[in-house]
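Data first, discussion second: the structure below is written as structure tokens.
Protein chains get the first letters and strands the later ones, always in sequence-line order, with residue 1 at the start of each.
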Number of protein chains: 2
Amino acid sequence: MSNAAAKEQPPQHFDALRTAILERKHELPKRLTQVAAYALDHPDEIAFGTAASIALSANVQPSTLVRFAQFFGFDGFSGLQMLFRARLRERNSSYEDRLRQLEQDGPALTESSSIFNGFISAAHRSLDAVIAAVEPEKFERAVSILAEADTIYLIAKRRSYPISSYMAYAFGKLKVRFQLVGTAAGIDDDMLAMATPKDAAFAISFSPYASESTAQARVMAARGVPVISLTDSAFSPLAECSKEWFEVVEADHAGFRSLSASMAFAMALTVGIAEARRRH
Amino acid sequence: MSNAAAKEQPPQHFDALRTAILERKHELPKRLTQVAAYALDHPDEIAFGTAASIALSANVQPSTLVRFAQFFGFDGFSGLQMLFRARLRERNSSYEDRLRQLEQDGPALTESSSIFNGFISAAHRSLDAVIAAVEPEKFERAVSILAEADTIYLIAKRRSYPISSYMAYAFGKLKVRFQLVGTAAGIDDDMLAMATPKDAAFAISFSPYASESTAQARVMAARGVPVISLTDSAFSPLAECSKEWFEVVEADHAGFRSLSASMAFAMALTVGIAEARRRH
DNA sequence: GCAGCTGTGGAATACGCATTCCACGTTGAC
DNA sequence: GTCAACGTGGAATGCGTATTCCACAGCTGC
């Protein structure tokens with residue numbers, strides 16, 4: 001056996017195991033590869049779960065887990081699991097250290113690191129702001145309006161476009177009928193002309209507002225199509241023509257905004273809609 | 001029994017249990033006091049050990065541990081142990097408090113609201129995971145590779161596409177030359193054929209990996225174009241052909257993932273690159 | 001000083017667990 | 001086309017586990 005040597009010397013530390021898995025991943029048969037990927041992606045599950053529960057999540061047999069562990073020189077699954085547990089104990093302390101370090105020597109860090117930390121913390125703040133700003137009842141109403149729609153028209157340009165494109169991707173997976181407005185040039189108006197009051201529109205626009213998006217939302221509203229919108233100010237022109245609108249203010253770092261909170265909001269709306277449809 | 005009420009409502013969270021133990025420690029009989037002290041002093045042992053091993057360390061009988069758990073309303077020792085385990089998992093999240101509150105309110109809220117809260121908290125968790133996973137040095141190296149590039153080729157499909165499209169928007173504003181691969185069908189290969197080792201590529205792909213993205217990244221690497229990538233597993237085919245690669249595991253809510261953490265990472269990278277260029 | 005009650009230790013038990021084993025598929029070589 | 005070797009799924013097994021139960025000890029109130 002090629003792993004006879006390994007059998008006598010299983011990895012003693014999580015990092016060693018991780019390295020071994022990555023090094024030998026190409027020699028692994030199909031199911032063991034599956035386990036390897038699951039193990040590295042969900043280490044916490046391995047640490048706490050039982051062989052049976054882990055096997056279920058990873059879509060393999062418990063015996064496969066044992067074989068996997070044996071492949072890397074352990075007696076059985078339990079031996080491998082100990083490494084995952086040890087890691088969790090260590091990580092807690094080291095993670096705390098890191099946070100403390102970040103707070104202390106923030107100014108001393110390299111510029112890239114401080115930009116990185118800045119965006120992460122801006123994202124945290126944005127999420128906090130969103131959860132405070134969005135009223136559950138309003139959200140509920142928006143979900144039901146969109147869930148009852150025949151087709152959902154997604155209106156977004158420029159900075160908002162990534163959000164609508166992700167919603168489009170998710171709607172596709174969830175089998176919710178939609179139209180992404182603004183993909184091919186010129187035919188937007190024709191597309192919108194097909195919308196009826198049985199449909200609905202979801203418009204996204206942040207300051208400075210793209211005039212096209214605003215205009216399109218107005219047209220829809222005028223024709224009786226219910227419009228839900230996501231924007232960053234109560235003064236947004238979108239607010240006027242919307243049945244429900246949400247204000248999401250992304251915190252910025254050095255003047256640049258990411259879309260972390262908007263993305264989370266959009267995903268919640270998307271899944272909420274799909275879920276509401278499934279129930280009816 | 002004085003703890004009849006507690007029997008119906010065991011603490012749902014570690015902190016609640018801790019409080020309960022401290023509050024009621026004077027009502028506890030001798031051996032249970034001993035267990036209480038041990039539990040608060042060695043929480044990790046409780047999380048990882050077995051009833052037998054813990055009983056040995058704490059100099060009590062296993063049955064005493066069960067009685068202790070039952071005193072606080074749990075069915076048995078296992079129920080109490082779960083709190084200690086959950087604590088270890090959450091420990092690296094500074095948002096413990098908020099999450100707990102969300103979980104408590106959870107059942108009372110409408111489904112839409114709980115979906116909403118779920119995505120926001122998943123986003124928080126993702127951000128925490130990102131900041132723990134990304135090494136500053138690695139990030140720094142990636143920034144300088146991309147900052148030195150003549151043109152940055154952005155490779156992303158499907159779920160990753162919104163990220164690259166936002167980077168494209170930001171690069172445009174920041175006057176960084178880039179090429180978004182995959183917009184118009186068919187000409188991708190011609191576009192990539194123009195890349196030289198003086199350029200660089202940034203590839204994004206999450207499981208299940210789009211074969212096109214992987215293939216394109218491989219082609220670039222083979223031609224000497226440095227590739228930086230963002231993916232969700234060390235097993236990603238992107239990892240092999242990249243000069244630097246980053247693992248961002250988005251936490252999921254009910255099986256759906258948003259892109260909050262990836263977005264924050266992408267923005268940090270984007271601004272980091274622009275900033276590095278400005279300095280030189 | 002006796003009765004009743006709570007607290008305690010330790011054996012008995014039933015369950016769930018990791019592990020083993022074997023039969024079936026699948027693949028690749030000759 | 002046949003055979004061997006390997007990978008795989010799933011049932012069988014035996015062990016370790018949490019839990020229950022019961023007998024006894026130590027109080028407390030009367």
Do you know which two heavy atoms are closest between B/Ala217 and B/Val227, and how far apart they sit? O-CG2, 3.8 Å
On DNA chain C, does the nearest nucleotide to B/Pro29 precede the nearest nucleotide to A/Val66 from the 5' side, or the other way round? Give the residue. B/Pro29
Nearest-Å distance for atom pair [atom1]/[atom2], residues [X] and [N]:
| X | N | atom1 | atom2 | value |
| --- | --- | --- | --- | --- |
| B/Ile54 | D/dT17 | CD1 | P | 11 Å |
| A/Leu28 | D/dC6 | CG | C1' | 14 Å |
| A/Phe74 | C/dT19 | CZ | P | 12 Å |
| B/Met82 | D/dA18 | CE | C1' | 15 Å |
| B/Ile46 | D/dA18 | CD1 | C1' | 14 Å |
| B/Phe71 | C/dT8 | CZ | C1' | 15 Å |
| A/Arg67 | D/dG10 | CZ | P | 12 Å |

Identify whether any heavy atom of B/Pro62 sits under 4.0 Å from a base atom; if not, whether one sits that close to sugar-phosphate; answer base, sugar-phosphate or nothing. base
Measure centre to centre between the rings of A/Phe48 and A/Phe84, then say whether the value is under 6.0 Å. no
Determine whether any donor atom in the side chain of A/Ser63 lies under 3.5 Å from an acceptor atom in the base of D/dG10, or the reverse, and answer yes or no. yes
Is the shortest side-chain N/O distance from B/Gln61 to OP1 or OP2 of C/dT8 below 4.0 Å? no
Cation-pi geometry met for A/Arg24 and A/Phe72 (6.0 Å, 45°): yes
